[in-house]
Amino acid sequence: MCARGLVAVTHLDEIRVGVRRVENFAAVMGEAPTRAALRTAASLKRRLDGRVLWNVNSTAVGGGVAEMLRPLLAFSRGAGIDTRWMVLRGNPAFFRVTKRLHHALHGSAGDGSPLGEQARAIYEKTLSGAALELVARVKRGDVVLLHDPQTAGLAPALQRAGAHVIWRCHVGDHARNDQVERGWTFLFPYLKEVPAFVFSRESYVPSYCDHGKSHVIQPSIDAFSPKNQELDLDTVRCILADVGLVEGPPPPGAACTFRREDDTPGRVERRADVVRHGRAPSWETPLVVQVSRWDLLKDPIGVMLGFATLLESGNAHGAELVLAGPDVLAVADDPEGAEVYDRVVAAWRTLPEMVRARVHLACLPTADVEENAAIVNALQRHATVVVQKSLQEGFGLTVTEAMWKGRPVVASAVGGIQDQIEDGVHGLLLADPGDRRAFASALQRLLEDGELARRIGAAARERVRERFLGMRHLLQYARLFEILQL
């Protein structure tokens with residue numbers, strides 16, 4: 001008998017997963033590799049034999065993990081594999097703990113809070129409810145991929161239920177300091193019995209994890225998504241003018257349209273919330289663009305100050321800077337976003353008037369995830385130079401996205417960015433992310449040497465086609481399941 005008047009507390013949301021055809025890859029990878037991928041997909045379907053492949057993470061909006069999962073799971077479903085996506089619900093206290101863990105694994109103190117017993121109690125209380133809900137649905141023999149520190153505490157309950165658990169960590173630091181050790185010490189009790197780990201780089205694998213159980217699978221982008229699909233110049237201009245990132249009006253007859261993931265038409269309708277001093281850039285203005293979360297590890301204030309150094313040198317060639325990130329209230333698992341954004345705005349207000357007039361801070365609308373992606377697509381395609389001056393970076397998918405669009409990139413030589421860019425070939429790397437003069441000098445090189453920028457952009461696109469598209473990613477997971485005899 002059902003109790004009346006009681007409302008069930010839900011600790012998880014199931015995210016609708018679309019369906020994509022693996023055959024789509026032929027357009028960018030060629031027919032022969034695509035046929036081989038189809039054979040592998042058919043073999044994986046037989047191997048799983050009716051079992052469900054679950055993925056659990058902490059957000060469906062914002063950040064590279066969510067953006068990777070959406071297309072990868074859709075292609076899995078297109079191959080006939082029953083694939084589900086669950087997202088944790090957590091309160092601000094839980095996400096403050098997990099954000100602290102995120103910083104720790106990057107070697108940073110974050111907000112400086114202790115990862116002690118109080119933090120552990122908050123972490124386990126949230127995950128205990130989610131574990132009960134998952135265990136009620138996951139069947140013995142199902143495969144569960146848990147993503148990042150937010151989900152690690154689910155592993156023991158799922159293993160007791162007979163699921164095959166793989167923990168996938170998208171963050172890390174090749175160096176080891178007290179913060180990194182503190183983060184792994186917190187997480188290890190939940191992971192010690194997990195049979196397999198996946199990391200983005202070999203150097204991220206900690207001593208706590210048996211290297212024989214650890215595998216490296218680098219992230220990828222979806223070439224067909226609203227964020228990465230081809231857009232013509234009129235559409236790019238229409239979108240950017242309509243959202244307020246460049247001066248309008250849009251070209252006569254142009255439409256701010258894009259193709260949604262289900263192949264239905266979409267249109268950009270919402271405006272960005274932009275902090276600026278004066279007018280929006282003209283369409284002809286060279287733009288230096290960084291797109292990322294409002295996170296101190298992305299060093300948005302350092303980007304502004306480095307760009308100010310370029311302006312002061314007199315070698316900016318008329319360029320202006322756009323720092324763009326998501327609506328600060330939209331990303332549930334990043335409680336520091338609003339605070340960081342406020343700090344960026346405060347730092348912007350201290351800049352000389354001449355610099356402020358050429359620096360634009362944009363919060364992009366996220367009510368429609370695919371609309372947001374189309375805006376980012378248009379902004380990256382219009383950029384003269386894309387930057388990612390991160391202090392730490394797990395992989396750096398915004399770099400991959402810009403490279404796919406043939407944009408020259410200036411980025412820090414940290415984390416997985418180093419795996420994507422060979423300095424001077426696929427982009428320009430900053431050996432020291434904190435060196436503002438080196439940053440300004442790299443920007444100057446690309447702004448004044450159009451041939452260098454074109455050559456780097458072309459090489460960057462081919463690098464992504466060869467190494468960082470979703471088909472390679474899917475094939476590596478299929479190989480992992482084979483190795484694990486799932």
Using modelled atom types only, decide if a donor and an acceptor are shared between the side chain of Y204 and the backbone of L105 within a distance under 3.5 Å.
-> no
Qualifying residues under side chain to side chain contact (heavy atoms under 4.5 Å, CB included), relative to Q229, sequence neighbours excluded | P226, L231, F258, R259, N377
May I ask you to say whether R137 pairs ionically with E14, meaning some side-chain N is under 4.0 Å from a carboxylate O?
-> yes
With distance as the sole test, does H11 use its side chain to make a donor-acceptor pair with the main-chain N or O of R89 at under 3.5 Å?
-> no
Atom CG of D178 with >12 non-hydrogen neighbours under 6.0 angstrom = no
Reported CG-to-CD1 distance for the pair L429 and I421, which is rounded to 0.5 angstrom = 5.0 Å
Flag if over 12 foreign heavy atoms under 6.0 Å of CZ, R176 = yes
Could you tell me whether a side-chain N or O of K45 sits under 3.5 Å from a main-chain N or O of A79, the two making a donor and an acceptor?
-> no
May I ask you to test the S200-P219 pair for a side-chain heavy-atom distance under 4.5 Å?
-> yes
Look only at the side chain of D13 and the backbone of V87, and say whether a donor-acceptor pair between them is shorter than 3.5 Å.
-> no
Any donor and acceptor pair, going by atom type alone, linking the side chain of Q380 with main-chain N or O of V291 inside 3.5 Å?
-> no
Show your reasoning for whether side-chain contact (heavy atoms from CB on, under 4.5 Å) applies to C256 and I239.
-> CA-CA 5 Å; C256 303; I239 290 173; 3.9 Å; yes
L480 and I166: CA distance, side-chain angles, deciding distance, side-chain contact (heavy atoms from CB on, under 4.5 Å) verdict | CA-CA 10 Å; L480 174 62; I166 300 169; 4.2 Å; yes
Write down the atom of E393, the atom of K298, and the distance for their closest heavy-atom approach.
-> OE2-NZ, 2.8 Å
What are the two closest heavy atoms between V274 and A362, and how far apart are they?
-> CG2-CB, 4.1 Å
To the nearest 0.5 Å, tell me how far I217 CD1 sits from R472 CZ.
-> 8.0 Å
Minimum heavy-atom distance V414-S390, with the two atoms named = CG2-O, 3.8 Å
Okay, side chain of E202, backbone of V216: is any donor-acceptor separation there less than 3.5 Å?
-> no
Please say which of R100, R96, H103 ends up in a side chain to side chain donor-acceptor pair (under 3.5 Å) with E336.
-> H103
Does a salt bridge link D82 with R84, judged by any charged N lying under 4.0 Å from a carboxylate O?
-> yes
Does a salt bridge link E230 with R461, judged by any charged N lying under 4.0 Å from a carboxylate O?
-> yes
How are the rings of H147 and H170 set relative to one another: parallel (under 30°), tilted (30 to 60°) or perpendicular (over 60°)?
-> parallel
Check the pair C363 / Y341 against side-chain contact (heavy atoms from CB on, under 4.5 Å), numbers first and verdict last.
-> CA-CA 9 Å; C363 284; Y341 175 71; 3.6 Å; yes
Parallel, tilted or perpendicular: which fits the ring planes of F94 and Y123, with parallel below 30° and perpendicular above 60°?
-> parallel
Validation row: L364, T366 side chains within 4.5 angstrom (heavy atoms) = no
Is L191 close to F197 at the side-chain level, that is, under 4.5 Å between some pair of heavy atoms?
-> yes
Within 6.0 angstrom of R343 CZ, more than 12 heavy atoms from elsewhere = no
Are more than 12 heavy atoms from other residues, nucleotides or ligands located less than 6.0 Å from atom CD of E466?
-> yes
If we only count heavy atoms from C-beta on, is the L469 to I221 side-chain gap below 4.5 Å?
-> yes
Main-chain N/O of G78 paired with R20 side-chain donor or acceptor, under 3.5 Å = no
Is the closest side-chain donor-acceptor distance between Q159 and E193 under 3.5 Å?
-> no
Under 3.5 Å, is there a donor-acceptor pair between the T400 and Q420 side chains?
-> yes
Taking every non-hydrogen atom, the tightest pair across C209 and S214 = CB-OG, 3.8 Å
Heavy atoms from other residues, nucleotides or ligands near NZ of K192 exceed 12 (cutoff 6.0 Å) = no
Side-chain donor/acceptor of S43 to backbone N/O of R39, under 3.5 Å | no
d(T98 OG1, F186 CZ) to nearest 0.5 Å is 9.5 Å
Taking all atoms of both residues into account, what is the closest heavy-atom pair of V56 and T151, and its distance?
-> O-CG2, 3.5 Å
Point-to-point distance, once rounded to the nearest 0.5 Å, from CD of E23 to CZ of F75 | 9.5 Å
How many angstroms lie between CZ in R168 and OH in Y477, if you round to the nearest 0.5 Å?
-> 4.5 Å
Got a second to check how far R182's CZ is from L101's CG, nearest 0.5 Å?
-> 11.5 Å
Between D342 and W294, a side-chain donor and acceptor under 3.5 Å | no
Could you tell me whether the side chain of H102 reaches within less than 4.5 Å of the side chain of D148, counting heavy atoms only?
-> no
In sequence, state the C-alpha distance, the side-chain angles, and the governing distance for L88 and L12, and then conclude on side-chain contact (heavy atoms from CB on, under 4.5 Å).
-> CA-CA 5 Å; L88 287 170; L12 293 161; 3.7 Å; yes
Checking salt bridge (Lys or Arg N to Asp or Glu O under 4.0 Å) for the pair D368/R260: CA distance, chi angles, key distance, verdict?
-> CA-CA 11 Å; D368 180 334; R260 292 188 178 276; 2.6 Å; yes
Are R201 and F395 in a cation-pi contact, defined as NZ or CZ under 6.0 Å from the six-membered ring centre and within 45° of the axis?
-> no
Residue R267 excluded, over 12 heavy atoms near CZ under 6.0 Å | no
K389 side chain to P433 main-chain N or O, any donor-acceptor pair under 3.5 Å?
-> yes
Hey, is the main chain of V236 close enough, under 3.5 Å, to the side chain of R381 for a donor-acceptor pair?
-> no
Evaluate the side-chain proximity of I375 to V268: yes if any heavy-atom separation is below 4.5 Å, no if none is.
-> yes
Considering only heavy atoms from C-beta outward, does the side chain of L72 approach that of L69 to under 4.5 Å?
-> no
What one should report as the nearest heavy-atom pair of S220 and H473 is OG-ND1, 2.7 Å
Between S225 and E67, is any pair of side-chain heavy atoms under 4.5 Å apart?
-> no
Using a strict 4.0 Å threshold on nitrogen-to-oxygen distance, state whether D295 and K99 make a salt bridge.
-> yes
